2 protein chains.
Amino acid sequence: MPQPPAPRRTLGRPPRFSRAEVVAAARRIVDAEGVDRLTMRRLATEIGSTPMALYHHVRNKDQLLVLLLDDYAARTLRRPELPDEPRERVVVAAAAIHEALADCPWIVEVLTADDLMSASALWFVEQIVDGLVAGGLPPERAVHGYRAIWYYTAGEIMIRATATRRRTGDDKPTYRDQVFAALDPDELPRLSQVAQRWAPLTAEDTYLDGLRALVDGLLAAR
Amino acid sequence: MPQPPAPRRTLGRPPRFSRAEVVAAARRIVDAEGVDRLTMRRLATEIGSTPMALYHHVRNKDQLLVLLLDDYAARTLRRPELPDEPRERVVVAAAAIHEALADCPWIVEVLTADDLMSASALWFVEQIVDGLVAGGLPPERAVHGYRAIWYYTAGEIMIRATATRRRTGDDKPTYRDQVFAALDPDELPRLSQVAQRWAPLTAEDTYLDGLRALVDGLLAAR
DNA sequence: GCGAGTTTCTATACATGTAAGAAAAGTAAC
DNA sequence: GTTACTTTTCTTACATGTATAGAAACTCGC
């Protein structure tokens with residue numbers, strides 16, 4: 001016996017779509033056409049509505065991107081086997097977050113949204129804080145340590161992402177190249193020494209090295 | 001005897017203003033009215049021209065902001081006395097950059113522009129790279145080390161800046177607060193343990209602690 | 001002086017995020 | 001049903017960055 005469409009218990013005009021549907025539609029657009037095509041108008045047509053209707057489900061486009069990131073994290077973050085040794089546990093957990101984020105370059109615009117507070121990322125945060133505590137830090141310092149790791153990780157992703165984006169744009173010499181070409185070896189000997197190697201050197205992916213150094217430093221007894 | 005206005009040696013219509021004037025005008029606007037008021041139209045009227053004329057002096061608004069940052073760095077970056085001890089030299093040099101940038105929060109939108117390549121900042125980069133070399137790193141690793149420090153520094157500034165910007169907006173509980181209020185102590189014991197202290201803890205300024213840890217880790221023999 | 005070439009400036013137009021307010025579609029009280 | 005109220009949606013409008021096309025202002029060779 002088909003129930004009558006469950007009696008509405010909420011006042012007001014019933015919504016034609018939910019926030020979840022908005023996020024799902026946004027995901028379809030991003031996956032199929034790239035993040036540049038994700039505009040509020042495009043999203044509205046995808047959902048069969050008008051741009052301003054979306055604003056009753058998300059506060060603004062930034063929040064939409066945060067939700068998209070949450071959605072992405074929930075779908076792709078898998079909990080890896082973590083080593084027992086505290087230092088290595090921290091490194092592996094942070095690297096897992098980094099890898100997931102680096103795979104999805106459009107997040108950059110969202111990444112400054114304070115902490116990475118997707119519920120599905122919390123487990124990794126827990127592992128990092130716990131690893132730091134197991135390594136000998138008091139809880140407060142462990143939180144600070146996690147923050148430092150997060151600053152480093154987010155900074156790396158943001159800077160690297162915009163760098164590659166610019167590089168694909170045009171191949172003209174960048175501002176950086178000009179500056180490096182005009183170095184005065186007497187005043188800046190070290191930079192002159194590495195000037196020619198600067199571009200390839202900074203293009204290398206050394207996230208893990210830096211992360212290890214940071215975690216080592218955090219866990220070193222002082 | 002007043003020289004006739006030095007004979008033009010360049011072809012084409014003479015410019016009505018220079019890039020330097022554009023940057024100066026932009027600085028006046030930012031100083032007097034805040035960065036939000038810095039629009040291409042507002043800048044054009046300030047200079048007595050039209051918006052599109054600006055685009056012959058700067059590539060786009062992003063580049064204008066980079067130039068503004070360069071200008072700011074050239075005016076405010078002073079070279080401090082640096083300690084001889086390599087580790088401390090690196091820390092002090094990095095902290096000086098950090099302090100200068102943190103004082104001018106509008107840079108955030110620019111900070112991902114790869115390296116901080118203002119000519120006046122290069123001296124600090126030199127000091128950092130040189131300090132790392134003096135600390136025992138081969139030049140390549142010193143450059144990587146500088147990059148790590150830059151990721152950490154830029155990430156800290158970007159994340160902290162957007163965090164405070166949001167906080168000033170409204171005092172509603174943030175998404176983060178909601179997530180933390182709903183923690184499951186069995187699954188995430190450490191986070192539950194520090195949940196109430198999370199906001200104040202992460203509001204603390206621990207840039208220097210993290211920096212020291214990172215430099216320590218970079219310089220530790222492996 | 002004149003046409004060609006070069007550089008800079010102007011006018012116009014468009015896509016975008018989103019503010020403001022009116023309209024629509026429901027429930028509840030009568 | 002009618003009215004009041006609430007919530008969602010739609011319409012319209014605006015500020016912004018910037019693309020495009022062409023006009024304007026100069027130098028140079030003649």
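Letters A, B, ... are given to chains in the order of the sequence lines, protein chains preceding strands, and every chain is numbered from 1. All values below were derived from every heavy atom in this structure, side-chain atoms included, with hydrogens, water molecules and symmetry-related copies excluded. Computed from a predicted structure; not experimentally measured.
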Distances for protein N/O vs nucleotides 1-7 of chain D N/O pairs under 3.5 angstrom?
{"residue": "D:dT7", "atom": "O2", "partner": "A:R13", "partner atom": "N", "Å": "3.0"}

For this session: Only counting residues at least two apart or in another chain, list the ones meeting side chain to side chain contact (heavy atoms under 4.5 Å, CB included) with B:E204.
Result: A:H144, B:L201, B:T206

For this session: Residues of residues 24-55 of chain B with any non-hydrogen atom less than 4.0 angstrom from an atom of DNA chain C: list those, numerically ordered, please.
Result: B:S49, B:T50, B:M52, B:A53

Scan the side chains in residues 16-27 of chain A for donor-acceptor partners under 3.5 Å anywhere in the protein, sequence neighbours excluded, and list what turns up.
{"residue": "A:S18", "atom": "OG", "partner": "A:A20", "partner atom": "N", "Å": "3.4"}
{"residue": "A:S18", "atom": "OG", "partner": "A:E21", "partner atom": "N", "Å": "3.2"}
{"residue": "A:S18", "atom": "OG", "partner": "A:E21", "partner atom": "OE1", "Å": "3.3"}
{"residue": "A:R19", "atom": "NE", "partner": "A:H57", "partner atom": "O", "Å": "3.0"}
{"residue": "A:R19", "atom": "NH2", "partner": "A:H57", "partner atom": "O", "Å": "3.3"}
{"residue": "A:E21", "atom": "OE1", "partner": "A:S18", "partner atom": "N", "Å": "2.9"}
{"residue": "A:R27", "atom": "NE", "partner": "A:D71", "partner atom": "OD2", "Å": "3.0"}

For this session: Could you tell me the separation between the CG atom of B:L64 and the C1' atom of D:dT16, rounded to a whole number of Å?
Result: 14 Å

Exercise. Does A:Q63 have any side chain to side chain donor-acceptor pair (under 3.5 Å) partners at least two apart in sequence or in another chain, and if so, which?
Worked result: none

Problem set entry | ring pair (Phe, Tyr, Trp, His ring centres under 6.0 Å): pairs with one or both residues in residues 35-56 of chain A, sequence neighbours excluded | none

Exercise. Nearest-Å distance, CZ (B:F17) to C1' (C:dT7)?
Worked result: 13 Å

For this session: Hey, which sits more toward the 5' end of DNA chain C by its nearest nucleotide, B:R16 or A:N60?
Result: B:R16

For this session: Mind calculating the distance between CZ (B:R19) and P (C:dT7) to the nearest angstrom?
Result: 16 Å

For this session: Tell me whether the centres of the aromatic rings in B:F124 and B:W150 are closer together than 6.0 Å.
Result: no

Problem set entry | Distance below 4.0 Å between B:H57 side-chain N/O and C:dC9 OP1 or OP2 | yes

For this session: Return the set of residues passing side chain to side chain donor-acceptor pair (under 3.5 Å) with B:Y72 (not counting sequence neighbours), or none when no residue passes.
Result: none

Problem set entry | side chain to side chain donor-acceptor pair (under 3.5 Å) partners of B:Q127, counting only residues at least two apart | none

Show me the donor-acceptor pairs, under 3.5 Å and distance only, between side chains in residues 46-54 of chain A and residues at least two apart or in other chains.
{"residue": "A:E46", "atom": "OE1", "partner": "A:R42", "partner atom": "NH1", "Å": "3.2"}
{"residue": "A:E46", "atom": "OE1", "partner": "A:R42", "partner atom": "NH2", "Å": "3.2"}
{"residue": "A:E46", "atom": "OE2", "partner": "A:R28", "partner atom": "NE", "Å": "3.0"}
{"residue": "A:E46", "atom": "OE2", "partner": "A:R28", "partner atom": "NH2", "Å": "3.3"}

